[in-house]
Structure formats: C-alpha cells, structure tokens
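In what follows, a single structure is set out as structure tokens and then discussed.
Since this is a predicted model, take the numbers as computed values, not measurements. Computation of the quantities below employed the complete heavy-atom set of this structure, encompassing side-chain atoms and omitting hydrogens, waters and symmetry-equivalent molecules.
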Amino acid sequence: MTDLLSGIRVLDLTNVLAGPYCAYQLALLGADVIKVEAPQGGDLARQLGGSPELNSTGMGASFLAQNAGKRSVVLDLKNEADRERFLDLVASADALVENFRPGVMDRLGLGSATLKEVRPSLVYCAISGFGQTGPMRDNPAYDQIIQGLSGIMSITGTPQTAPLRVGYPVADTLGGLVGAFAITAALVKQKTTGEGAFLDVSMLECTLSALGWPVSNYLTAGVEPQPMGNENMTAAPSGTFRAGDGLLNIAANKQEQFVTLCRLVGLPELASDPRFAERETRKRNRIALKALIEGALASGSAVAWEETLNRAGVPAGRVLTIPQVLAEQQVIAREMTACFDGMPKMDRPLTVVRGGFMVDGAAPLPTRPPPALGEHMDEVFASLPPRVKKRAQA
C-alpha cells in the first residue's frame, strides 16, 4: 500500500460490491479500513463467488476480490451494547462508508446527525441505488437494475441483440469509485478546516455521469444513442476486426492514422477513395470499409498486426480473455496483482488485483489478506484512544 492516506481511519459498513470496492481503494491508499460486519455471516459477498468450498467458509471469491488490506470486527448494531462499542469506533474515525437503503442507519439510531455528535469532523458517505432523496429513494437496487434504468443496456450490443447487460457490475463499480473520490476530497477539507461532510452517492447518477458522450449527443445534438455493437460512433474504421487467427480492435480515429492503416494493410488506394476519404464519408460507408480491411487482415495473425500497427502509431489491440490479459507482460510488469500464501482453507496462494494507479512509480499493493469474519476484534478495540477505551470495555 501507499501512505497517501496514512493515519486516516475509515469505518466500512458495506456489503457486496459498491461500498466494499470504495473502501478497498481507500485501503490501497494507506487508510486503516475497519470493516464492521454483522455477526451472522458478515458481508454477503463472503458467500458469493465461483468456488462453493470458499463460499461455505465465508471467504467467497467475490469477498476476496475487494477486501484485502482491511481489518474486520463484528458488531450487532441492533444490540445496545454493540451500538455503544460502535460509537467508540466512530469517535476514532475520520470517515465512514455505508451502502444500506436510505433510512436504515437512522432507524438504528446511528444516522449521520447522531454520529456527528460523537465525531463532528466525520466524513459520512452513503452509497445507494438512487440517493437519499427522490421518489425512487426506497427502491432496492442491484447493478443490473441500475444498468437498465441508466440507459447503458439500451446502447450495449448490436441492433439485433440490444439491450444487453455489460458483462461485469459496471454500475456498482462506478458507485464505488465515485464514493472513494468524494471521500478523499472531503478528507482534504476535513484536514484543512476541521469540518466533516455528508456524501450522498447515487449509483444511478454515477452511471449517468459516466455516460457523458451518449447523453451529450442526445441533449446537445438531439441524436438518440443507438446500439452499435463493437463499432465506434465517432469514427471509422474504429472497432473490432477479424484477422487471420482472431479478433483485433483497431482505432484509426485520426485522418493520418487511417492513411497509415491503408498503407500497412496493402490498400493505400482506400485513402483517396471518395467513399472513405473523409471522416463523415467513412462513417456512412463503414460496412464496406470494414469488409475491405478484414480481407487484408486475413493474411496475418492478430498479434502480428497489433505489433505492426502500434509501431506505426495506429492504435490496435487483440481481444483477450480474462486469463489471457492476466498473463500479459504489461500487467505483470506493472505489478497489477498481489499474492498471499498460507490462506486458511485455500490450497493455493490468494491473488488479488490492486487499484488502477501507481504512486511515485510504485504499485500500491495491499499488505494484508482479506480478513476472516471478526478477525481483528481484540486488536481494534484494544488500540482505541484512552478517552474512548474505557466505554468500549464496559
């Protein structure tokens, strides 16, 4: 891990994906993230993932993916004594993140106003499907619900297959990233003014914000976005092409890149063909252009074309599987993963993925594996400052 958030304590009351992913980013930045879990099973993600054996032990692959570097305590927030212990934790914290439905923490007597009395400078981040206000605030929300409501599914796939769900929980992930960004920004204010903040993160709004280009095309240009499969609405040839042994993404988005591409595939005359000479004519004739380029690409492998095109300044990349990309030298060289040996009930080392950034040339890797449920109870409560330690032991 890095030390950018060293000395910052974050309470993670979250479950499954958006919230845990948010807190994981903070842990990678060096924050002391304490995961507060319910005694009856803890984070639901502990039971989720591709290994039934790990799910049964409470260390499911979904949990392992985004909880390294954290410590775990168990508290029943419906229990008066545990609520008091939780308030002791709050008194020692800089930030808190939760992803309950709006109103749940208030009903427990632990809403942001109550916690502010204990820790006036607390940064409180609530991540939910729709935000804390509005007519949909109380609706339950999973990633697929948000994908459908946000418009993502309507533009994913081809005209024949759309709407389609994006193949990973993109709305949850965006919610987590925005939450982490907002928390770090609020911590800057906290450290300079002593003031806390209440952060209301809506997964629907995070996803809409990330849909900036298609939303702007509708709001500004009056063009309703449509599914285009693997094609790029802004340019051609820009999309997925079949080479001799597999698929290759090519993004010849600039005029000079198009001219270079035509030369390299042995079709220099296409650059002056009236159908393809300019960006807008290429977009109108993208199907015919794609067929011609694919005919030329058939003479070589995807990896060979990738190397040739990139060397000449034409962006290109193979279409890889998850196992293939994890084996890529680029990913290995950048230390994208961290390994932990000797994980209980695992017959192999645990490998986890870090965040998508480096700090001063170093990869911020988690220094401890994902915690067992309640693993750090004694450690956490024994280290509370003296002014709150007495009540925690009562």
TODO: For the pair F63 and K35, evaluate side chain to side chain contact (heavy atoms under 4.5 Å, CB included) and give the outcome as yes or no after the intermediate values.
DONE: CA-CA 12 Å; F63 176 82; K35 193 168 182 68; 3.6 Å; yes

Open item on the list: Test side chain to side chain contact (heavy atoms under 4.5 Å, CB included) on L384 and L89; report intermediate values, then the result.
Closed with: CA-CA 7 Å; L384 288 179; L89 270 181; 4.0 Å; yes

- [ ] Mind checking ring-ring contact (aromatic ring centres under 6.0 Å, His included) for F198 and listing every partner two or more places apart, or none if nothing turns up?
- [x] Y124

Open item on the list: Is it the case that the side chain of R263 and the backbone of P268 share a donor-acceptor pair, with hydrogens and angles ignored and the cut-off at 3.5 Å?
Closed with: no

Open item on the list: Is it the case that the side chain of R83 and the backbone of K78 share a donor-acceptor pair, with hydrogens and angles ignored and the cut-off at 3.5 Å?
Closed with: yes

Open item on the list: Other residues, nucleotides and ligands only: do more than 12 of their heavy atoms fall within 6.0 Å of NZ on K116?
Closed with: no

Open item on the list: Using a 3.5 Å distance criterion without hydrogens, assess whether the side chain of Q66 forms a donor-acceptor pair with backbone atoms of V16.
Closed with: yes

Open item on the list: Are C339 and T351 packed together at the side-chain level, in the sense that at least one heavy-atom pair is separated by less than 4.5 angstrom?
Closed with: yes

- [ ] Would you check if R282 and P237 make a side-chain contact, meaning some heavy-atom pair closer than 4.5 Å?
- [x] yes

Task: For the student: nearest non-hydrogen atoms of G50 and A61, plus distance - done: N-CB, 4.3 Å

Open item on the list: I'd like to know if Y21 and L174 are part of one continuous hydrophobic network [Ile/Leu/Val/Met/Phe/Trp/Tyr, side-chain heavy atoms within less than 4.5 Å].
Closed with: no

TODO: Answer whether the closest heavy-atom distance between the side chains of P163 and T156 falls below 4.5 Å.
DONE: no

- [ ] Measure the spacing between OG1 of T2 and CG of D360 and express it to the nearest 0.5 Å.
- [x] 7.0 Å

Task: Gap separating the CG atom of L211 from the SG atom of C206, nearest 0.5 angstrom - done: 11.5 Å

Task: Shared hydrophobic cluster for Y218 and M228 (ILVMFWY, side-chain gaps under 4.5 Å) - done: no

Open item on the list: Working note: F258 + L289, criterion side chain to side chain contact (heavy atoms under 4.5 Å, CB included); need CA distance, chi angles, decisive distance, verdict.
Closed with: CA-CA 11 Å; F258 173 61; L289 179 57; 4.1 Å; yes

- [ ] Would you confirm whether E278, through its side chain, and E280, through its main-chain N or O, come within 3.5 Å as a donor-acceptor pair?
- [x] no

Open item on the list: Heavy-atom count check: over 12 atoms from other residues, nucleotides or ligands less than 6.0 Å from F357 CZ?
Closed with: yes

Open item on the list: One pair to check against side-chain hydrogen bond (donor to acceptor under 3.5 Å, both in side chains): N310 and E306. What are the steps and the verdict?
Closed with: CA-CA 6 Å; N310 281 319; E306 177 184 274; 5.0 Å; no

- [ ] Measure the spacing between CG of D106 and OG1 of T114 and express it to the nearest 0.5 Å.
- [x] 7.0 Å

Open item on the list: For L297, is there any backbone N or O sitting under 3.5 Å from a side-chain donor or acceptor partner on W305?
Closed with: yes

- [ ] For residues M233 and I155, determine if any side-chain heavy atom of one lies less than 4.5 Å from a side-chain heavy atom of the other.
- [x] no

Task: Flag, side chain of K290 to backbone of T240, donor-acceptor distance under 3.5 Å - done: yes

Task: Check: R242 main-chain N/O paired with E294 side-chain donor or acceptor under 3.5 Å - done: yes

Open item on the list: Using only atom types and a distance under 3.5 Å, with no angle test, would you say the side chain of R137 pairs donor to acceptor with the backbone of S128?
Closed with: no

Open item on the list: Which residue in the set R119, R9, K189 passes salt bridge (Lys or Arg N to Asp or Glu O under 4.0 Å) when paired with D94?
Closed with: R119

- [ ] Would you indicate whether the side-chain heavy atoms of L75 and L77 approach each other to under 4.5 Å?
- [x] yes

Task: Over all atoms of both residues, closest heavy-atom pair of G69 and A27 - done: O-CB, 4.3 Å

TODO: Report yes if some heavy atom in the side chain of N99 is under 4.5 Å from a heavy atom in the side chain of P20; otherwise report no.
DONE: yes

Task: Side-chain touch M377/V73, heavy atoms, less than 4.5 angstrom - done: yes

Open item on the list: According to a hydrophobic-cluster definition based on side-chain heavy atoms being under 4.5 Å apart (Ile, Leu, Val, Met, Phe, Trp, Tyr only), do L149 and L17 belong together?
Closed with: no

TODO: Return yes if some donor-acceptor pair links the side-chain N/O of R279 with the main-chain N/O of T234 below 3.5 Å, else return no.
DONE: yes

Open item on the list: Just by distance, no angles: are the side chains of D143 and Q147 close enough, under 3.5 Å, to form a donor-acceptor pair?
Closed with: yes

Task: Shortest non-hydrogen contact from V319 toward L248 - done: CG2-N, 4.4 Å

Task: Salt bridge flag under 4.0 Å for residues R71 and D32 - done: yes

- [ ] To the nearest 0.5 Å, tell me how far C125 SG sits from L13 CG.
- [x] 11.5 Å

Open item on the list: For E328, is there an ion pair with R318 - N to carboxylate O distance below 4.0 angstrom?
Closed with: yes

Open item on the list: Would you say that more than 12 heavy atoms from the other residues, nucleotides or ligands in this model lie under 6.0 Å from the CZ of F181, or not?
Closed with: no

Open item on the list: Can you tell me how far apart CG (L48) and CG (L54) are? Round to the nearest 0.5 Å.
Closed with: 12.0 Å

Task: Common cluster, L177/L208, ILVMFWY with side-chain heavy-atom separation under 4.5 Å - done: no

Task: Which atom of L326 lies closest to which atom of V331, heavy atoms considered - done: O-CG1, 4.3 Å

Open item on the list: Using 0.5 Å steps for rounding, measure from the CZ atom of R368 to the CG atom of N67.
Closed with: 12.5 Å

Open item on the list: Does L64 form a side chain to side chain contact (heavy atoms under 4.5 Å, CB included) with F340? I'd like the steps, not just the answer.
Closed with: CA-CA 11 Å; L64 298 174; F340 298 98; over 6 Å; no

TODO: Treating Ile, Leu, Val, Met, Phe, Trp and Tyr as nodes and any side-chain heavy-atom pair under 4.5 angstrom as an edge, say whether V314 and V259 lie in one connected cluster.
DONE: no

Open item on the list: A quick test of your reading: do over 12 heavy atoms of other residues, nucleotides or ligands sit less than 6.0 Å from CD1 of I287?
Closed with: no

TODO: State, with a plain yes or no, whether a side-chain heavy atom of C22 is found less than 4.5 Å away from one of T14.
DONE: no

Task: Pair listing, salt bridge (Lys or Arg N to Asp or Glu O under 4.0 Å) test, anchored in residues 160-181, at least two apart - done: none

Task: Main-chain N/O of L44 paired with N15 side-chain donor or acceptor, under 3.5 Å - done: yes

Task: Over all atoms of both residues, closest heavy-atom pair of P102 and D138 - done: O-OD1, 4.1 Å

Open item on the list: Looking at every non-hydrogen atom in both residues, tell me the closest pair between S154 and A162 and how far apart they are.
Closed with: O-CB, 4.1 Å

